[in-house]
Amino acid sequence: MAASGARSCNLSGLLPAQTSLEYALLDAVTQEEKDGLVYQYLQKVDGWEQDLSVPEFPEGLEWLNTEEPISVYKDLCGKVVVLDFFTYCCINCIHLLPDLHALEHTYSDKDGLLIVGVHSAKFPNEKVLDNIRSAVLRYNITHPVVNDADASLWQELEVSCWPTLIILGPRGNMLFSLIGEGHKEKLFLYTSIALKYYKDRGQIRANKIGIKLYKDSLPPSPLLFPGKITVDHVSNRLVIADTGHHRILVVWKNGQIQYSIGGPNPGRKDGIFSESSFNSPQGVAIMNNIIYVADTENHLIRKIDLEAEMVSTVAGIGIQGTDKEGGAKGDEQPISSPWDVVFGRSGSEVQRDNILWIAMAGTHQIWALLLDCGRLPKKNELKEGTCLRFAGSGNEENRNNAYPHKAGFAQPSGLSLASEDPWRCLFVADSESSTVRTVSLKDGAVKHLVGGERDPMNLFAFGDVDGVGISARLQHPLGVTWDKKRNLLYVADSYNHKIKVVDPKTKNCTTLAGTGNASNIISSSFTDSTFNEPGGLCIGENGELLYVADTNNHQIKVLDLETKTVSVFPVFTSENAVVDGPCLAEKPKTLPKLPKSAPGVRLSPVAACPGQTLQFKLRLDLPSGTKLTEGASSCWFLSAEGNEWLLQGQIPSGEIESISNQPTISLQIPGDCLSLEAILSISVFLYYCSADSSACMMKGILFSQPLQITDTQQDCIPPVELKYIF
């Protein structure tokens with residue numbers, strides 16, 4: 001409820017006064033004039049008979065980054081507050097975050113300022129707290145965030161679009177609103193003068209707000225929100241955009257890191273690997289030991305030369321661009337939030353890939369970077385290095401058109417190329433329209449493939465329905481990859497937590513893998529395995545394997561398209577790995593957690609007396625033609641839930657270095673037993689790969705050994721064999 005004595009209100013109440021202010025600011029020349037106009041505006045608004053007071057946060061809402069729920073009229077009394085109405089998928093909301101970060105670095109809660117994110121979801125998937133929590137971590141949001149899943153504040157204040165900022169005074173009174181992105185100057189002007197105005201009146205309080213950051217509670221992980229992945233078909237390597245760690249990993253097919261470039265903190269620096277840095281990189285493409293990177297939050301395209309071990313910038317100027325035409329030399333051309341990249345050719349007579357296609361999410365377009373001289377469809381000859389728009393008007397729409405510049409995209413986030421006839425097109429994962437579209441490489445015509453609906457302005461036609469063409473439903477797809485062997489397109493249907501497959505000939509779209517639940521169940525079958533907002537995928541091993549960046553599970557999953565099985569791709573370093581970029585510091589070893597799909601074997605009970613030693617011999621058989629993965633720590637460990645006394649003084653874990661010489665595990669029954677019955681659990685993890693290291697898997701098994709403690713001295717107990725065939 002609003003504070004007593006205040007009138008119920010919405011944003012329209014601010015409109016007349018703030019519009020007059022903004023017209024006056026257009027004529028102001030000096031900073032002193034602007035400051036004075038805003039100060040006079042605040043005197044007027046603050047003097048109204050009744051405040052335009054924001055409603056109290058409803059009870060029962062879920063909060064992040066706070067010790068407890070926040071009240072507008074208790075905790076925020078005496079603060080200038082910026083309410084950020086956002087939804088985490090929205091590129092405009094993402095563009096606003098650097099402005100909010102800068103504001104937080106300028107003014108703290110001690111200065112009287114606090115930012116509160118009000119998450120008001122567009123998609124059903126975005127209403128789930130765990131998914132918002134992942135986004136808060138991914139985008140390094142350190143201010144309080146409330147999950148207004150039913151958009152009650154949004155509706156009561158009559159907010160109309162994402163993002164919207166509302167600046168409050170120290171009584172919860174609304175002072176300003178800013179709609180959309182690109183208002184950094186006004187945000188700082190309005191906030192700074194509001195702080196000064198209310199400090200002059202003694203109404204600012206310096207009390208601290210209890211902040212408890214979610215990121216501080218996270219365990220270490222080799223990957224953090226991996227966004228995209230690609231295969232180097234020549235050198236048997238994968239390239240992973242380890243987005244949350246702000247780095248690019250070059251990894252052998254057995255999972256061993258060859259290069260780690262950038263990270264762990266965001267930055268923007270070219271040079272040798274050990275000094276270079278990125279900011280939330282996404283799309284990656286590799287050819288001839290050269291990697292091109294969509295350095296998303298730096299608004300750059302970067303080039304990694306693996307032979308020279310150097311990083312350089314080939315497109316973008318490091319700040320968000322608004323140009324929707326392009327045409328300048330790459331490193332002089334401003335661009336906006338590139339999300340994916342893929343190689344292509346400028347014509348059938350060209351013998352090598354000389355174009356880098358770019359999914360420019362920030363301007364809702366498809367761009368091209370000329371890696372050599374060439375010609376785009378219906379374009380004159382272009383010079384090497386030219387960076388320009390190829391398709392998309394720049395309007396956020398789901399509009400198909402035979403003329404590429406009249407078509408409209410809505411945050412295109414994934415690209416894949418089918419260069420062969422009859423396809424000759426780019427496939428586009430158009431996330432905000434929840435569609436997959438095609439762009440012809442012959443004439444640039446943009447056509448619908450699956451998802452969405454016919455109304456080009458409706459960006460809310462989403463769901464989870466297998467079907468044909470427009471009858472199929474997707475939810476914010478972020479990735480696509482073309483299977484040349486089968487003439488099929490695989491789609492990372494991100495907010496449905498599924499991998500789908502599309503036949504472009506019939507436009508039939510069906511679920512390939514995933515249950516639709518956001519979790520991390522690694523099952524032997526496609527249908528039982530789960531994902532959590534997968535963001536990218538690629539085809540490897542001549543069409544046999546599909547690699548998936550399972551973003552919110554911080555993993556790479558491997559789908560075997562022949563056997564229809566799923567495994568986790570291990571990522572690890574070894575003493576021989578060349579890791580030139582700064583990596584996260586090694587943290588204390590933590591025992592892995594068995595996947596829910598791991599089989600369990602219950603052994604026959606064993607009777608033993610205190611002081612007696614039991615031995616367990618591992619007898620595990622790997623599938624034919626496989627071997628333990630070098631450098632990955634296959635291991636065993638003991639646990640005894642509810643009877644932890646059983647493990648006191650024992651060796652609780654160990655490594656399995658050879659399948660031909662497996663260890664024997666010993667356990668001595670303690671002299672002081674607290675129970676006459678207990679169950680000892682022996683968990684085993686094996687990392688193994690095919691003999692040629694083309695595909696790697698992780699499997700686990702749980703052996704449960706019931707123990708009966710007796711005072712009677714037992715004869716020598718033969719070793720217990722722990723047998724299992726994977």
Side-chain angles (χ1 to χ4, degrees), residues 89 121-128 359 364 366 391-392 395-402 404 406-416 418 422-440 445-483 486-518 526-527 529-531 533-535 537 546 548 559 561 564:
C89 73
K122 171 183 176 179
F123 293 99
N125 181 70
E126 294 178 311
K127 296 182 179 183
V128 180
H364 313 291
I366 307 301
N395 298 325
E396 188 174 10
E397 299 173 334
N398 175 23
R399 188 179 300 278
N400 301 298
N401 202 292
K406 292 184 178 181
F409 296 92
Q411 208 169 308
S413 302
L415 293 177
S416 190
W423 318 111
R424 290 286 306 279
C425 70
L426 281 168
F427 293 103
V428 182
D430 198 37
S431 61
E432 281 291 274
S433 68
S434 295
T435 63
V436 176
R437 324 269 288 283
T438 64
V439 183
S440 170
V446 177
K447 298 180 180 179
H448 169 269
L449 187 59
V450 294
E453 70 154 49
R454 289 183 175 85
D455 179 359
M457 304 306 294
N458 183 3
L459 302 183
F460 287 80
F462 53 80
D464 184 7
V465 179
D466 289 353
V468 177
I470 213 158
S471 67
R473 284 287 182 266
L474 308 170
Q475 189 181 174
H476 201 77
L478 289 172
V480 283
T481 191
W482 176 242
D483 183 350
R486 300 174 181 85
N487 284 335
L488 294 174
L489 183 74
Y490 300 103
V491 181
D493 192 4
S494 305
Y495 283 9
N496 283 326
H497 316 291
K498 289 182 175 181
I499 306 302
K500 293 187 176 176
V501 58
V502 178
D503 182 342
K505 186 175 182 179
T506 64
K507 293 192 173 184
N508 189 39
C509 175
T510 57
T511 298
L512 176 73
T515 65
N517 296 320
F526 281 8
T527 53
S529 291
T530 61
F531 304 87
E533 294 192 14
L537 65 182
L546 180 65
V548 177
L559 279 63
L561 298 172
K564 307 297 183 186

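Residue numbers start at 1 and run along the sequence shown. Just the heavy atoms: all of them, side chains too, but no hydrogens, waters or symmetry mates, feed the values below.
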Pair Val436-Val502, side chain to side chain contact (heavy atoms under 4.5 Å, CB included): steps then yes or no: CA-CA 9 Å; Val436 176; Val502 178; 5.6 Å; no
Residues in salt bridge (Lys or Arg N to Asp or Glu O under 4.0 Å) contact with Arg473, at least two apart in sequence or another chain: none
His476: which residues meet the ring-ring contact (aromatic ring centres under 6.0 Å, His included) condition with it, sequence neighbours left out? Phe123, Tyr495
Any chance you could lay out the side chain to side chain contact (heavy atoms under 4.5 Å, CB included) test for Val446 and Lys406, step after step, and finish with the verdict? CA-CA 9 Å; Val446 177; Lys406 292 184 178 181; over 6 Å; no
For Asn517, does its backbone N or O pair with a side-chain atom of Thr530 as donor and acceptor, under 3.5 Å? no
By side-chain contact (heavy atoms from CB on, under 4.5 Å), Ala410 pairs with (sequence neighbours left out) Glu396, Asp430, Glu432, Ser433, Leu459
For Lys500, enumerate each residue passing the salt bridge (Lys or Arg N to Asp or Glu O under 4.0 Å) test, keeping only those at least two apart in sequence or located in another chain. Asp464, Asp493
Could you tell me how the ring of Trp423 sits relative to the ring of Trp482: parallel (under 30°), tilted (30 to 60°) or perpendicular (over 60°)? perpendicular
If you measure from CG on Leu478 to CD on Gln475, what distance do you get to the nearest 0.5 Å? 11.0 Å
Would you check if the side chain of Arg486 reaches a backbone N or O of Asp503 as a donor-acceptor pair within less than 3.5 Å? no
Could you give all pairs that pass the salt bridge (Lys or Arg N to Asp or Glu O under 4.0 Å) test and reach residues 447-458, with sequence neighbours left out? none
Between His448 and Asn398, do the side chains contain an N or O donor and an N or O acceptor separated by less than 3.5 Å? no
Can you give me the closest heavy-atom contact between Val468 and Ser471, atom names plus distance? O-OG, 2.6 Å
Within the side chain of Ser494, is there an N or O that forms a donor-acceptor pair under 3.5 Å with the backbone of Ala492? yes
Donor on one side chain, acceptor on other, Thr511 and Asp466, under 3.5 Å: yes
Are the side chain of His497 and the backbone N or O of Glu533 linked by a donor-acceptor pair below 3.5 Å? yes
Who pairs with Thr527 by side-chain contact (heavy atoms from CB on, under 4.5 Å), at least two apart in sequence or on another chain? Ser525
